[in-house]
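Working notes, beginning with the structure itself.
In this chain, numbering begins with 1 at the start of the sequence shown.
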Amino acid sequence: MVGMTRSGRTVRRVPNHRGPSIPRNGGLPGLYDYGLIGNFHTAALVSRFGSIDWACFPTFASPSVFARLLDAERGGFQLLAPSESSESQQLYLPSTAILRTNFRLSGSRFLTIRDFMPIFPDAQPSTSSMIVRVVEASGGPIEVRAALDPRFDFGRRATTWTRSGNRWLGRSTAGTLTCVPGWPVETVDQTLGGSTVLKDKERRVFEIYWGTSRPTLEDPLDMLRRTERFWTTWVHPPTSPIHLLAGKWHPWIERSEVVLKLLSRADTGAFIAAPTTSLPEWPGGSRNWDYRYVWIRDAAFAAQSLLLMGHVAEARSFLHWILGILQRSAGRQGLRVVYGAHGETDFEEREVDNLSGYLDSRPVRVGNSAADQFQLDIYGELLDAALLLFEIESDALDGSWPALEGLAERVLRLWRRPDRGIWEIRAPPAHYVHSKVMAWVALDRAVTLGRQFGSQEQVGRWERERDRIREVVLVRGFDTRRGTFVQSFERHAIDAANLRISIVGFLPPDDPRVAGTVLRVERELADGPFVYRYRASDGVGGPEGAFLPCSFWLVDCLARAGETRRARQSFDTLLRAASPLGLFSEEYDPVAGIPLGNYPQAFSHIALVRAALALGLSGVPQSILQNYPWLAHATWRKQSVSTRPIPLTASPRGRS
């Protein structure tokens with residue numbers, strides 16, 4: 001469908017694809033049939049058909065124990081479900097990460113499963129990976145079947161079962177998984193299974209945990225109550241600024257809030273990008289990456305989003321964690337692109353040949369070679385998060401200034417170098433415009449912080465170099481003929497990363513260069529509100545879906561520019577691309593209406609929160625904003641002093 005906006009722009013309207021998802025993975029559930037549970041050390045995906053098809057124990061980046069998501073035969077799973085046919089749906093208990101799956105059977109009978117990972121604040125990661133499944137029948141007797149088929153190390157290790165009292169221990173050379181079943185089971189080959197009949201209102205519990213020692217003596221139902229209490233007291237209250245400013249989208253913001261917390265490590269605040277690996281950016285394609293690590297960019301964005309929701313402790317923990325790493329290295333190395341949430345240092349990219357891949361998408365990869373890339377923009381994202389934290393809690397950076405100062409000094413030395421950019425291009429390095437803009441952000445934020453912690457001399461140096469970066473970007477990164485910023489100084493391609501130019505305050509949203517860039521992105525990279533990152537070659541090859549963070553950035557830009565009605569229409573359409581549980585993947589195919597990429601994706605939920613805030617702020621009087629001074633940073637309604645105009649007729653230095 002094609003329509004016209006009031007500004008005369010032609011855009012394609014994407015139909016509403018939301019609704020019951022259908023299995024598309026060799027008869028297994030589709031990606032949006034899964035909900036996420038976790039305990040801040042690892043996570044699991046539970047389908048609405050009762051199966052746990054993805055879990056890595058004991059930590060996020062550990063080898064998988066359940067990976068049926070990536071291979072129906074060799075991946076491994078745990079199943080609880082009615083023996084007879086049924087209809088099912090999932091929902092989260094309000095304001096929690098406790099997942100409820102409801103099976104509706106004939107005769108007004110229902111089977112309910114409540115899945116959660118207990119929160120053990122003081123437990124070590126090696127002992128805290130536990131899944132509890134509470135099964136309950138109502139309306140009459142229901143036969144329930146159970147099956148447990150762990151396949152350790154991505155399906156490469158055999159399992160041997162032994163019984164010890166009421167426990168079953170599945171052993172392999174990769175570790176031990178313990179199951180405490182809710183009814184008698186037996187083994188057939190490597191699978192532990194059995195069925196029972198639950199009476200009306202009868203409840204049984206299945207426990208699965210890593211190792212041989214149960215993490216707690218606590219009763220499972222007490223764990224359920226305590227876990228629910230943790231979540232409901234953690235999420236932001238209705239009186240928080242984010243709720244007052246963007247309350248219309250509270251359910252979406254709250255679910256994003258919970259997802260970001262689930263993807264963080266409990267004791268450090270380090271945020272992983274996603275809990276999965278190798279979910280393809282296009283069905284059958286090779287763009288399959290391992291996202292179970294901490295990307296500084298994504299983690300800094302996550303910290304900022306949680307700050308906006310009032311979670312200062314999490315943001316402070318993350319910044320102290322990464323700055324502590326830098327301080328311990330004593331300046332011997334700069335900021336890395338990727339870190340391990342639990343201290344992992346081996347990021348070598350390997351292929352797992354024995355798994356067929358989701359939607360037969362190969363290769364299945366573990367590790368990520370992006371860890372070895374130079375990406376200039378990460379300095380800007382980290383310093384941006386540090387400044388927001390300082391503006392919300394002024395003493396949060398006490399003792400951290402030497403590390404932050406070192407980052408700014410490093411940007412002075414590095415910003416002229418080509419890099420791989422935000423999209424981690426696997427082609428020769430280039431001078432990416434977004435990277436240079438974020439180098440400007442790094443020094444701009446360092447200038448503000450330096451006035452509090454540093455010397456006037458160093459602040460003066462940073463100011464001069466910041467302004468030099470800006471001038472270079474406006475001259476070499478802007479195509480005057482087409483009226484748009486381009487992907488790099490060397491390439492004419494349009495890049496959706498440049499939507500962030502006004503979001504970070506490099507230029508005001510009403511600047512004609514910003515407006516021209518937004519228009520070009522819509523014309524060349526958008527399918528309705530769904531935005532693709534770029535169309536240029538990137539050294540990988542093959543198609544990909546629309547990138548959901550970029551799609552939310554477009555909403556953000558439209559809202560800032562005053563096109564509120566169109567921004568809200570686009571936002572509403574993007575929300576319909578979520579799973580029934582309100583979870584977002586990394587990418588989306590707006591034609592087929594299917595999610596793509598790793599899931600759920602922190603980056604997508606971060607961009608959703610910021611877009612909702614931009615929309616909420618579009619109708620808020622200035623008098624209300626004065627109650628939240630940190631919003632001047634978060635929204636960049638007040639522009640930096642370095643945004644003095646440069647004539648649009650400046651020479652583009654060879655740009656045609």
Side-chain angles (χ1 to χ4, degrees), residues 36 38-43 56-62 97 117-130 210 215 230-231 234 257-275 290-330 333-347 368 371 378-379 381-386 388-390 392-393 395-404 406-407 602-603 605-606:
L36 180 73
N39 67 346
F40 318 139
H41 292 299
T42 191
C56 298
F57 285 161
T59 66
F60 292 115
S62 297
M117 297 185 75
I119 307 301
F120 301 115
D122 300 325
Q124 295 299 313
S126 60
T127 63
S128 62
S129 296
M130 182 180 190
W210 182 253
F230 166 84
W231 283 109
W234 178 83
E257 177 183 20
V258 172
V259 167
L260 294 180
K261 181 65 173 176
L262 283 172
L263 299 184
S264 70
R265 176 174 169 177
D267 51 346
T268 66
F271 301 90
I272 64 167
D290 191 348
Y291 278 14
R292 298 172 300 147
Y293 305 108
V294 182
W295 266 256
I296 290 300
R297 175 188 309 108
D298 301 43
F301 286 154
Q304 286 181 304
S305 294
L306 289 179
L307 276 170
L308 296 176
M309 291 181 278
H311 298 298
V312 177
E314 282 77 4
R316 184 174 56 238
S317 294
F318 162 68
L319 282 164
H320 287 178
W321 173 72
I322 189 60
L323 294 178
I325 292 175
L326 293 173
Q327 289 171 326
R328 288 191 294 274
S329 71
Q333 68 177 28
L335 195 61
R336 293 179 60 92
V337 175
V338 178
Y339 291 85
H342 292 86
E344 299 90 349
T345 57
D346 180 11
F347 304 106
N368 199 304
I378 61 177
Y379 293 88
E381 275 106 17
L382 190 57
L383 280 159
D384 198 25
L388 182 57
L389 176 60
F390 172 77
I392 292 176
E393 186 176 89
D395 61 351
L397 298 182
D398 288 353
S400 300
W401 176 243
L404 294 170
L407 293 178
F603 209 167
H605 285 275
I606 291 162

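- Considering only heavy atoms from C-beta on, Thr42 comes within 4.5 Å of Asn39 through its side chain.
- Interatomic distance, CZ of Arg297 versus CG of Leu335, reported as 10.5 Å (0.5 Å rounding).
- Considering all non-hydrogen atoms of both residues, Pro58 and Trp210 come closest at CB-CD1, 3.7 Å.
- Rounded to the nearest 0.5 Å, atoms CZ (Phe603) and OG (Ser305) are 10.0 Å apart.
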Hey, can you pull the donor-acceptor pairs under 3.5 Å for the side chains in residues 306-318, sequence neighbours left out?
unit_1	atom_1	unit_2	atom_2	d
His311	NE2	Glu257	OE2	2.5
Glu314	OE2	Trp234	NE1	2.8
Glu314	OE2	Lys261	NZ	3.1
Arg316	NH1	Glu393	OE1	2.5
Arg316	NH1	Glu393	OE2	3.2
Ser317	OG	Ala313	O	2.9

Between Phe57 and Ser62, does a side-chain contact (heavy atoms from CB on, under 4.5 Å) hold up when you go through it step by step? CA-CA 6 Å; Phe57 285 161; Ser62 297; 5.7 Å; no

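- Under the 3.5 Å distance criterion, the side-chain polar atoms of His605 are left unmatched by any main-chain donor or acceptor of Ala302.
- Arg292 places no side-chain N or O within donor-acceptor distance of the main-chain N or O of Pro275, the cut-off being under 3.5 Å.
- Distance check, rounded to the nearest 0.5 Å: CG of Leu383 to CG of Leu404 gives 6.0 Å.
- Side-chain atoms of Thr59 never come within 3.5 Å of backbone atoms of His41 as a donor-acceptor pair (strictly under, hydrogens ignored).
- Looking at every heavy atom in both residues, Gln304 comes nearest to Asp384 through NE2-OD2, 3.1 Å.
- Contact detail for Gly343 and Arg265: the closest heavy-atom pair is N-NH1, 4.5 Å.
- If you run ring-ring contact (aromatic ring centres under 6.0 Å, His included) between Tyr293 and each of Phe60, Tyr339, Phe347, only Phe347 comes through.
- A donor-acceptor pair under 3.5 Å is absent between the side-chain atoms of Asn368 and the main chain of Ala371, judged by distance alone.
- Considering Ile296, Val294, Thr268 in turn, Ile296 is the only one that fulfils the side chain to side chain contact (heavy atoms under 4.5 Å, CB included) rule with Ile322.
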Quick one, Asp298 with Glu381, criterion side-chain contact (heavy atoms from CB on, under 4.5 Å). Give me CA distance, side-chain angles, the key distance, then yes/no. CA-CA 9 Å; Asp298 301 43; Glu381 275 106 17; over 6 Å; no

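- With sequence neighbours excluded, the residues forming a side-chain hydrogen bond (donor to acceptor under 3.5 Å, both in side chains) with Tyr291 are Glu586, listed by chain and number.
- Considering all non-hydrogen atoms of both residues, Ala396 and Leu389 come closest at CB-CG, 3.6 Å.
- Nearest heavy atom pair, residue Asp290 against residue Trp295, reads O-CH2, 3.3 Å.
- For Leu263 against Ala274, the heavy-atom pair with the smallest separation is CD1-CA, 4.3 Å.
- Take Ala97 and apply the side chain to side chain contact (heavy atoms under 4.5 Å, CB included) test, not counting sequence neighbours, and it matches Trp231, Val258, Leu262.
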